[in-house]
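First comes the structure, then the notes that go with it.
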Amino acid sequence: SNATLSATAADGSASKVTNGSFEAFVANVPTGWTISVGTAGTTVKQSTGTKFTGASSLEIDGNGSELTALTQTITGLKANTPYAIAFATKMGVVPAAGVLTVDLYDGASVINSEAGVANSFTVDLTALSTSFQWKSGIFQILEPIPATVTLRLRLTTALTNTRILYIDNLVLVPMTELYAHGPWSAAVSGSTAFSTDDTFTINTSN
């Protein structure tokens with residue numbers, strides 16, 4: 001196998017997400033995103049004090065009951081192509097309850113892959129730490145592609161009151177097949193720039 005992977009940054013052109021870096025906000029609403037559940041400035045905010053990179057991140061404040069949700073319409077996706085989605089996340093204080101669900105939605109239901117697998121994954125917020133860590137998943141859309149594809153970040157279990165969730169550097173990027181009929185892979189930029197002598201190990205399993 002001889003393949004080239006280019007690391008994708010949240011503000012890079014390869015990512016299908018607009019403002020995945022969460023650098024741009026207008027009155028606590030992240031540019032390119034819609035707050036479908038929640039209130040800007042109360043449960044959804046721009047955080048300039050806590051961020052993975054850059055000047056700000058997305059802050060979601062728990063109140064113990066609200067299922068806060070943000071959405072963005074995604075265009076330019078190709079059918080049956082694996083897309084890696086990844087983001088850095090942390091808690092201000094580890095909560096007693098809270099689940100974040102990330103999925104692709106067509107306006108009626110979660111979109112499935114050709115194999116019938118839902119394009120959805122969850123993050124148990126009670127298992128997060130107070131340091132940023134990466135969470136990721138793989139999405140693949142069946143053919144024909146739905147007329148509307150919406151990326152959703154939503155709480156499916158309410159976040160404990162006064163607990164704060166931070167999300168930064170979200171990317172959705174097409175993956176590269178390492179060899180014919182082999183595994184697919186993607187590289188995402190971290191908080192420190194890569195060096196020319198960095199090496200990586202990819203562990204695979206069936």
Side-chain angles (χ1 to χ4, degrees), residues 8 10 15-26 28-40 42-47 52 57-63 65-79 81-91 95 97-128 134-142 144-159 163-175 186 188:
T8 299
S15 179
K16 298 298 183 180
V17 176
T18 298
N19 191 30
S21 60
F22 296 107
E23 293 293 288
F25 283 76
V26 177
N28 284 299
V29 179
T31 302
W33 295 83
T34 298
I35 301 174
S36 55
V37 179
T39 303
T42 302
T43 53
V44 178
K45 300 177 183 177
Q46 178 182 19
S47 171
F52 184 64
S57 67
L58 172 65
E59 175 182 327
I60 296 176
D61 290 14
N63 63 11
S65 61
E66 181 180 277
L67 299 180
T68 312
L70 291 93
T71 62
Q72 181 177 138
T73 300
I74 305 296
T75 59
L77 299 182
K78 296 181 180 179
T81 297
Y83 288 84
I85 181 167
F87 55 91
T89 186
K90 63 168 283 186
M91 296 300 309
V99 173
L100 175 72
T101 296
V102 183
D103 59 28
L104 294 181
Y105 182 69
D106 64 6
S109 60
V110 175
I111 300 169
N112 287 339
S113 70
E114 190 73 30
V117 178
N119 287 299
S120 176
F121 68 94
T122 61
V123 178
D124 180 359
L125 303 183
T126 68
L128 292 183
W134 285 102
K135 294 297 178 180
S136 62
I138 298 175
F139 292 156
Q140 188 177 39
I141 300 179
L142 76 170
I145 295 177
T148 300
V149 178
T150 300
L151 174 64
R152 300 191 297 183
L153 304 177
R154 57 195 180 107
L155 295 178
T156 46
T157 297
L159 181 58
R163 298 298 183 252
I164 300 175
L165 168 67
Y166 300 97
I167 298 173
D168 205 356
N169 287 45
L170 189 151
V171 300
L172 177 65
V173 61
M175 303 179 74
V188 177

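Scope of the values below: all heavy atoms of this structure, side chains included, with no hydrogens, waters or symmetry mates. All figures in this text were calculated on a predicted structure; none of them were measured in a lab.
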By side chain to side chain donor-acceptor pair (under 3.5 Å), which residues pair with T156, not counting sequence neighbours?
T101
Non-hydrogen atoms of I138 and P82 that approach each other most closely:
CG2-CB, 4.2 Å
Within residues 145-155 or reaching into it, pairs that qualify as salt bridge (charged side-chain N to carboxylate O under 4.0 Å, His left out) - sequence neighbours excluded:
D103-R152, D103-R154
List for me each residue that meets side chain to side chain donor-acceptor pair (under 3.5 Å) alongside E66, sequence neighbours excluded, and say none if there are none.
T43, T68
On a heavy-atom basis, the closest approach of A158 and L67 is N-CD2, 3.5 Å
In chain order, what residues pass the side-chain contact (heavy atoms from CB on, under 4.5 Å) check against T81, with sequence neighbours excluded?
K78, Y83, P174
Here the pair of heavy atoms bringing T42 nearest to K45 is O-CE, 3.4 Å
Answer yes or no: is there a side-chain heavy-atom contact under 4.5 Å between I111 and L142?
yes
Separation between CD1 (I167) and OG (S57), nearest 0.5 Å, reads 9.0 Å
Who are the side-chain contact (heavy atoms from CB on, under 4.5 Å) partners of S15, not counting sequence neighbours?
T8, V17, V171
With A40 via side-chain contact (heavy atoms from CB on, under 4.5 Å) - residues at least two apart:
N28, V29, I35
Atom CG in L104, atom OG1 in T150: separation rounded to 0.5 Å?
8.5 Å
Could you tell me the separation between the CD atom of E23 and the CG atom of N169, rounded to the nearest 0.5 Å?
8.0 Å
Please list, chain by chain and in numerical order, all residues satisfying side chain to side chain donor-acceptor pair (under 3.5 Å) with D168, sequence neighbours excluded.
none
Side-chain polar contacts of residues 84-91 - donor-acceptor pairs under 3.5 angstrom, sequence neighbours left out - could you list them?
{"from": "T89", "atom 1": "OG1", "to": "Y166", "atom 2": "O", "distance (Å)": "2.8"}
{"from": "K90", "atom 1": "NZ", "to": "T130", "atom 2": "O", "distance (Å)": "2.9"}

Partner set under salt bridge (charged side-chain N to carboxylate O under 4.0 Å, His left out) for K135, not counting sequence neighbours
none
Sorted by chain and residue number, the ring-ring contact (aromatic ring centres under 6.0 Å, His included) partners of F52 (sequence neighbours excluded) come out as F132, W134
Is a donor on one side and an acceptor on the other found under 3.5 Å between the side chain of Q72 and the backbone of T18?
yes
Sole residue of V44, L58, L153 in side-chain contact (heavy atoms from CB on, under 4.5 Å) with W33:
L153
Under the side chain to side chain donor-acceptor pair (under 3.5 Å) rule, collect the residues that match up with R163, sequence neighbours excluded.
none
From L155 atom CG to L125 atom CG, the distance as rounded to the nearest 0.5 Å
6.5 Å
Give, for atom CD1 of I60 and atom OG of S47, the distance between the pair rounded to the nearest 0.5 Å.
12.0 Å
Roughly how far apart are L159 CG and T126 OG1, rounded to 0.5 Å?
10.5 Å
Which residue pairs satisfy the side-chain hydrogen bond (donor to acceptor under 3.5 Å, both in side chains) criterion with at least one member in residues 105-120, sequence neighbours excluded?
none
